[in-house]
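In what follows, a single structure is set out as structure tokens and then discussed.
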Amino acid sequence: MKGKEGGNEMRSYFIDIPSADKLRELVRIVNQFPCDVNLKNGLGCIDCKSLLGVLQMGRSPNMALEIIGEDADCDALENDLAAVFRISLKKET
């Protein structure tokens with residue numbers, strides 16, 4: 001889903017995180033960008049820049065990332081994530 005929120009771009013992605021090591025890699029990548037990034041599953045939503053929060057959430061099916069930031073930052077973060085994870089843009093419903 002792409003949309004404007006407070007002058008920033010908001011994008012939502014499905015993400016496949018195959019292992020606990022990849023959870024740590026996800027946190028490392030998102031912390032390199034000024035975007036707000038949330039990780040969601042069917043039970044809740046956490047700040048994806050928090051290693052403790054991400055590890056506590058663990059891996060589950062149907063995980064989603066929500067990225068909020070400037071277009072250029074979102075594009076760069078998307079490219080870095082796509083190099084490591086299987087991600088797909090969520091379609092608006």
Side-chain angles (χ1 to χ4, degrees):
M1 176 168 85
K2 287 188 174 186
K4 295 289 181 181
E5 199 171 273
N8 289 324
E9 181 78 16
M10 182 178 76
R11 301 179 188 182
S12 294
Y13 302 88
F14 290 111
I15 185 166
D16 180 31
I17 304 171
S19 68
D21 286 340
K22 291 295 185 181
L23 285 170
R24 286 188 280 279
E25 180 72 3
L26 175 65
V27 173
R28 185 192 68 73
I29 292 170
V30 300
N31 273 298
Q32 297 176 28
F33 295 89
C35 307
D36 290 328
V37 184
N38 298 310
L39 184 63
K40 298 179 178 185
N41 66 11
L43 302 174
C45 175
I46 55 99
D47 178 355
C48 196
K49 292 186 176 186
S50 165
L51 179 59
L52 185 58
V54 169
L55 290 174
Q56 184 176 4
M57 179 177 273
R59 297 178 305 120
S60 64
N62 301 319
M63 293 187 86
L65 276 180
E66 181 180 85
I67 301 171
I68 303 167
E70 298 295 323
D71 283 343
D73 294 329
C74 289
D75 290 343
L77 177 52
E78 179 181 335
N79 289 335
D80 281 9
L81 290 171
V84 178
F85 299 96
R86 270 195 343 238
I87 63 171
S88 60
L89 196 60
K90 288 176 75 174
K91 304 293 183 208
E92 285 190 50
T93 56

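Note that the structure is a prediction, hence the values are computed from the model and not measured.
If you take CE on M63 and NZ on K40, they are separated by 12.0 Å, rounding to the nearest 0.5 Å. Note that the CZ atom of R11 and the SG atom of C74 stand 4.5 Å from one another [nearest 0.5 Å]. If you take CG on N8 and CG on D73, they are separated by 9.0 Å, rounding to the nearest 0.5 Å.
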With a 3.5 Å cut-off and sequence neighbours excluded, list the donor-acceptor pairs that the side chains of residues 79-89 form with protein atoms.
unit_1, atom_1, unit_2, atom_2, d
N79, ND2, D75, O, 3.3
R86, NH2, D16, OD2, 3.0

Which atom pairs, one a donor and one an acceptor, fall under 3.5 Å between side chains of residues 48-60 and the rest of the protein, sequence neighbours left out?
unit_1, atom_1, unit_2, atom_2, d
K49, NZ, F33, O, 2.5
K49, NZ, C35, O, 2.7
S50, OG, G53, N, 3.0
R59, NH1, P18, O, 2.8

Verify side-chain contact (heavy atoms from CB on, under 4.5 Å) between L26 and L65, making sure each step is shown before the conclusion. CA-CA 10 Å; L26 175 65; L65 276 180; 4.1 Å; yes

After noting the C-alpha distance and the side-chain angles of I67 and M10, does the key distance pass the side-chain contact (heavy atoms from CB on, under 4.5 Å) rule? CA-CA 6 Å; I67 301 171; M10 182 178 76; over 6 Å; no

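Of all the heavy atoms in N41 and L43, the pair that sits closest is OD1-N, 2.8 Å.
Residue pairs meeting the side-chain hydrogen bond (donor to acceptor under 3.5 Å, both in side chains) criterion with at least one member in residues 27-38, sequence neighbours excluded, are E25-R28, N38-E66.
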